[in-house]
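Right, one structure below, let's go through it.
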Amino acid sequence: EVISPGTVIISAAANCNDITKVIEPVFKKDSGSIYYINISQDDFKIGGSSFAQVVNKIGNETPTVKDATYVKNVFNTIQKLIREEQIVAGHDVASGGLITTLLELCFSANGLGAEIDLTSLGEADTVKVLFSENSGIVFQAKDTSVETIFKSNGIDVMRIGSVSETGTLKLKNYDAELNLNIETY
């Protein structure tokens with residue numbers, strides 16, 4: 001008997017107007033800052049997460065999407081910035097949470113790493129901020145002018161770090177600091 005994890009997987013297909021404007025899920029050296037958007041607009045909760053499953057728990061609270069209109073606004077703004085070649089890399093935050101997303105963005109190039117400070121996200125519990133599966137996105141932008149575009153569209157975007165050539169994901173959240181060797185992970 002096969003027991004599958006209690007995770008729903010939804011597959012979808014969509015129209016792509018220009019395949020030359022596809023963003024890959026790998027940070028680029030010397031190509032701008034790293035940003036985070038909590039699309040869910042919810043607090044960080046680990047109920048129902050991969051992390052909760054690993055520690056044999058379910059949890060009492062799961063993150064939810066607070067406003068579908070906000071999701072649409074974020075999506076449309078990101079798409080516009082991709083077409084304008086302002087976004088150079090990106091990855092959704094889903095299964096595994098922010099820690100998985102950040103590691104995956106470093107995996108595809110040798111010697112690639114990042115220096116990330118999550119303190120601005122406002123969650124002092126580092127386990128929650130790294131492993132909650134709030135709908136979100138991490139992306140690398142060509143320059144800081146995207147901040148003005150997001151803010152003018154009512155989108156809460158946070159600059160969380162920069163790409164490095166150390167082969168290490170350096171994470172800071174308030175007083176907690178982690179240095180993760182990309183090759184090891």
Side-chain angles (χ1 to χ4, degrees), residues 5 7 9 11 19-40 44-57 59 63 74 78 81-82 85-147 150 156-185:
T7 303
I9 304 294
S11 297
I19 63 167
T20 65
K21 305 279 181 167
V22 172
I23 301 305
E24 295 179 346
V26 59
F27 288 138
K28 308 282 187 278
K29 297 174 184 176
D30 302 317
S31 294
S33 295
I34 300 167
Y35 292 87
Y36 170 75
I37 299 173
N38 180 354
I39 297 172
S40 73
F44 295 97
K45 303 168 185 168
I46 57 174
S49 66
S50 298
F51 176 79
Q53 289 179 26
V54 168
V55 296
N56 205 24
K57 303 282 184 199
V74 172
I78 290 282
L81 290 169
I82 290 172
E85 299 182 355
Q86 293 300 309
I87 307 289
V88 297
H91 198 301
D92 66 297
V93 178
S95 295
L98 196 51
I99 184 68
T100 302
T101 299
L102 291 167
L103 284 167
E104 287 179 351
L105 280 159
C106 295
F107 282 162
S108 295
N110 291 331
L112 196 65
E115 294 185 15
I116 304 292
D117 188 340
L118 301 173
T119 307
S120 64
L121 305 187
E123 175 55 66
D125 185 329
T126 302
V127 170
K128 281 185 179 178
V129 79
L130 291 178
F131 291 99
S132 70
E133 296 177 358
N134 293 50
S135 295
I137 185 170
V138 173
F139 63 93
Q140 184 181 8
K142 197 175 199 177
D143 59 57
T144 58
S145 66
V146 298
E147 294 176 30
F150 282 111
D156 190 17
V157 64
M158 287 166 243
R159 189 176 344 159
I160 59 170
S162 59
V163 176
S164 70
E165 296 183 45
T166 61
T168 302
L169 177 58
K170 294 182 179 183
L171 291 167
K172 180 180 182 329
N173 187 47
Y174 293 88
D175 293 334
E177 292 187 23
L178 298 167
N179 291 312
L180 308 174
N181 182 289
I182 299 303
E183 191 175 309
T184 300
Y185 288 90

**OP:** Not counting sequence neighbours, which residues clear side-chain contact (heavy atoms from CB on, under 4.5 Å) with Thr100? List them please.
**Re:** Glu104
Original post:
Is the backbone N or O of Ser145 less than 3.5 Å from a side-chain atom of Asp143, with the two atoms forming a donor-acceptor pair by type?
Top reply: yes
**OP:** Would you give the length of the straight line joining atom OG of Ser49 to atom CG of Leu130, rounded to the nearest 0.5 angstrom?
**Re:** 11.5 Å
Subject >> side-chain hydrogen bond (donor to acceptor under 3.5 Å, both in side chains) against Gln140, all qualifying residues, sequence neighbours excluded >> reply: none
Original post:
What pairs with Glu165 under side-chain hydrogen bond (donor to acceptor under 3.5 Å, both in side chains), at least two apart in sequence or on another chain?
Top reply: none
Original post:
Distance from Leu105 atom CG to Ile34 atom CD1, nearest 0.5 Å?
Top reply: 7.5 Å
Subject >> Leu171 CG to Ile99 CD1 distance, which is reported to the nearest 0.5 Å >> reply: 5.0 Å
Original post:
According to the ring-ring contact (aromatic ring centres under 6.0 Å, His included) rule, which pairs have a member within residues 102-129, sequence neighbours left out?
Top reply: none
Original post:
How long is the span from the OG atom in Ser132 to the CG atom in Leu98, to the nearest 0.5 Å?
Top reply: 7.5 Å
Counting only pairs under 3.5 Å, give me each side-chain donor-acceptor contact of residues 23-32, with atom names and distances, residues two or more places apart or in other chains.
| unit_1 | atom_1 | unit_2 | atom_2 | d |
| --- | --- | --- | --- | --- |
| Lys28 | NZ | Val26 | O | 3.1 |
| Ser31 | OG | Lys29 | O | 3.1 |

Subject >> Test item: side-chain donor near acceptor, Glu133 and Ser95, under 3.5 Å >> reply: no
Which atom pairs, donor and acceptor, lie under 3.5 Å between side-chain atoms of residues 113-129 and protein residues at least two apart or in another chain?
| unit_1 | atom_1 | unit_2 | atom_2 | d |
| --- | --- | --- | --- | --- |
| Asp117 | OD1 | Thr119 | N | 2.9 |
| Asp117 | OD1 | Thr119 | OG1 | 2.6 |
| Thr119 | OG1 | Tyr174 | N | 2.8 |
| Glu123 | OE2 | Asp125 | N | 2.9 |
| Asp125 | OD1 | Val127 | N | 3.0 |
| Asp125 | OD1 | Lys128 | N | 3.2 |
| Thr126 | OG1 | Asn173 | ND2 | 3.1 |

**OP:** Not counting sequence neighbours, which residues clear salt bridge (charged side-chain N to carboxylate O under 4.0 Å, His left out) with Lys45? List them please.
**Re:** Asp42
**OP:** Can you sort out the partners of Lys142 under side-chain hydrogen bond (donor to acceptor under 3.5 Å, both in side chains), two or more places apart, ordered by chain and number?
**Re:** none
Subject >> NZ/NE/NH1/NH2 to OD/OE distance under 4.0 Å, Glu177 and Lys170 >> reply: no
Subject >> Which residues share a side-chain hydrogen bond (donor to acceptor under 3.5 Å, both in side chains) with Asp156, sequence neighbours left out >> reply: none
**OP:** Kindly write out the residues that satisfy salt bridge (charged side-chain N to carboxylate O under 4.0 Å, His left out) with Glu85, not counting sequence neighbours, or none if the list is empty.
**Re:** Lys21
Original post:
Roughly how far, to the nearest 0.5 Å, is the SG atom of Cys106 from the CD1 atom of Ile182?
Top reply: 4.0 Å
Original post:
Among pairs that include at least one residue of residues 110-142, which meet ring-ring contact (aromatic ring centres under 6.0 Å, His included), considering only residues two or more places apart or in two chains?
Top reply: Tyr35-Phe139, Phe51-Phe131, Phe139-Phe150
Original post:
What is the distance from atom OG1 of Thr168 to atom CG of Asn179, rounded to the nearest 0.5 Å?
Top reply: 6.5 Å
**OP:** For side-chain contact (heavy atoms from CB on, under 4.5 Å), just list the numbers for Ile137 and Ile39, CA-CA rounded to whole Å, side-chain angles, deciding distance to a tenth of an Å, and then say yes or no.
**Re:** CA-CA 7 Å; Ile137 185 170; Ile39 297 172; 4.1 Å; yes
Subject >> Smallest separation among heavy atoms of Ser40 and Asn38, with atom names >> reply: OG-OD1, 2.6 Å
